[in-house]
Amino acid sequence: MRTSNFLIATVKETPSDAEVISHQLMLRAGMIRKLASGLYTWLPMGLRVLRKVEQIVREEMNRAGAQEVLMPAVQPAELWQESGRWEQFGPEMLRITDRHNREFCFGPTHEEIITDLIRNELRSYKQLPANFYQIQTKFRDERRPRFGVMRAREFLMKDAYSFHIDHASLEQTYQLMHDTYSRIFSRMGLNFRAVQADTGAIGGSGSQEFHVLADSGEDAIAFSTESNYAANIEMAEAVAPAAECPAPGADIQVIDTPEQHSIEEVSAFLKVDASQTLKTLLVHGASEEGELEGVVALVLRGDHELNEIKAEKLPQVFAPLTFASDDDIRAAVGCNPGSIGPVDIGIPVIADRGALQVADFVCGANEDGKHLTGVNWGRDLPEPEVADIRNVVEGDPSPDGKGTLTIKRGIEVGHIFQLGDKYSQAMNANVLDENGKSVVMTMGCYGIGVSRVVAAAIEQNHDERGIIWPDAIAPFQLALCPINMQKSQRLREAAEKIYTELQAAGIEVLFDDRGERPGVMFADMELIGVPHRIVLSDRGLDAGSFEYKGRSDAEKQDIPLDSLLEFIREKLS
RNA sequence: CGGCGUGUAGCGCAGCCUGGUAGCGCACUUCCUUCGGGAGGAAGGGGUCGGAGGUUCGAAUCCUCUCACGCCGACCA
């Protein structure tokens, strides 16, 4: 490709609304442009990368025996009503009405559509297992789109759905997809990890996420120092400490704590460590039928954080989890937030395991401006119901009993689920088994955020000059930069000849024939992140050499011209 | 959804407080010089100042409404 025939839309200045490095570099390198919040146009440069990612995904899915399909982006409401998700999905689903006043949505995912297809097409266990995938545009009306294509509303996703006669078969395919995903991200040259994950809105039993490790990642991941345990922090179990709770050593006292509300303020005021305090959070409760009912107190050690995912799964807690308003709090316990405590609170109390290990603790007195000190479970208030409702922290014991946990950040680029029969049951997706009996199919689903992978790759591979693409997903493999070609017929001819040869050798060359000054060419090619660069000059021709520099090399090197093809082939292999 | 902020040329911004000719840098066009790390000079083109309404002799500037975009938050006991 010649730059004269390819949009090089690089910009020097960083657009003011780009927060993370990948977003800034994608804009500056001329890969994407924003159309509206969470909506991006892919320019030729960006699209080449997107297509490369797509192609690797496609090749590996095909290799794993999955079959490609393409389903509509716009989906009829009826199917979603059948699965029960039309009501469940909430405002993230973009709903549309056609001219006949029929309801549709712009698909945020495709379980309903594939299940509908398969129940009509598959009749026999002999056709199972089967795995279908597509690479297609999704729309999720994110409450806050941000970070460019990393969390966009419209995005490109590879989604696959597998169908099985039983759970054992599902597990086989699930494992195959796990291995396939590992191959995919390895081929892309990314540093990634598979971690245990929550199943979220999609539902089902087991699931794992694939994370690209990067400090800017939105997810926290807990790793064991001693084993291969890794889990999203949403999921990582905070195991109960082995030690018994110490015996009470102090008497309970009421202390005036005027204007001291947060744990930080109270612990500083009373000169005790935050871990010696307990915080009490009020959330909306649920009846046995799951209806909204009353409020529930969640008690945590002062220095711990509530894990909303875990809390939401408690039967007493209303899902989705919502915090009680100040008015609700006053009505329930008679004081303002900042002075709540579990003693004589008069509503159900659920304590985190960690909170139960604290003796002589400090907590709110359920009276404005007052806290209690020297409080002990069992003595001053009944032993509460106990649950794991906090986020693990660095140094916690690993749930598998081996080593302790460290926390790193990651960008979720893939997610695999064992769905079970959630959709097949609701939508009557059955086949006949070998006894001629109708059985509900078991399903798995497997997603990769194709457009997000592009951003994640940049987060992990960049420097102060721009992007450093891994070879496998670079928009071009090689930049060919002749210096002052417009002034030297000899150089022009040499450059054209080399360009032709490289192309004939199947190498993706970006030939910079714009006649720009060297500084401009180099800056652009480095910003764009082309992994390999050849510089041609009259000086080099005189010496019978060309200059080579890898994108992340410290030094350039002069190489004899007659070994150019050989040298480049070596570099690209 | 709540709080805060920002909308002025393709991009980055100033001007607004204190109303009176719409500016700067980058980018773009033409010419000259320059030519191995985002060149210098000269001359140019490009604006419904987000939109609507109001106040005023006069509004980018003041007021009201509205739209868009962004940041933070949705952990506070």
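None of these values were measured; they are calculated from a predicted model. Order of the sequence lines sets the chain letters (A, B, ...), proteins ahead of strands, with each chain counted from 1.
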Rounded to the Å, how far apart are [X] [atom1] and [N] [atom2]?
X	N	atom1	atom2	answer
A:R33	B:C11	CZ	C1'	9 Å
A:R539	B:G37	CZ	P	9 Å
A:I483	B:G38	CD1	C1'	14 Å
A:I8	B:G10	CD1	C1'	17 Å
A:D512	B:G38	CG	C1'	13 Å
A:E13	B:G12	CD	C1'	4 Å
A:E312	B:A74	CD	C1'	14 Å
A:R151	B:C69	CZ	P	17 Å

Donor/acceptor link under 3.5 angstrom from A:D524 side chain onto base of B:G38:
yes
What is the base-pairing partner of [N], counting Watson-Crick and G-U wobble geometry with both distances under 3.5 Å?
N	value
B:C31	B:G41
B:C71	B:G3
B:C26	B:G10

Could you tell me whether [X] contacts a base, only the sugar-phosphate backbone, or nothing, with contacts defined as non-hydrogen atoms closer than 4.0 Å?
X	value
A:V520	base
A:K34	sugar-phosphate
A:S537	base
A:K556	base
A:T280	base
A:L282	base
A:R28	base
A:R533	base

Of the candidate nucleotides [options], which contains the atom at the shortest distance from the side chain of [X]?
X	options	value
A:R144	B:C35, B:G73, B:G37	B:G73
A:K12	B:C26, B:A39, B:G70	B:C26
A:S16	B:G70, B:C13, B:U34	B:C13
A:V535	B:C72, B:C35, B:G36	B:G36
A:L281	B:A77, B:G37, B:C35	B:A77

Separation between the C1' atoms of B:U48 and B:U8, rounded to whole Å:
12 Å
Go through A:W469 and A:F476 one step at a time and tell me if the ring pair (Phe, Tyr, Trp, His ring centres under 6.0 Å) criterion holds.
CA-CA 9 Å; A:W469 289 113; A:F476 295 94; over 10 Å; no
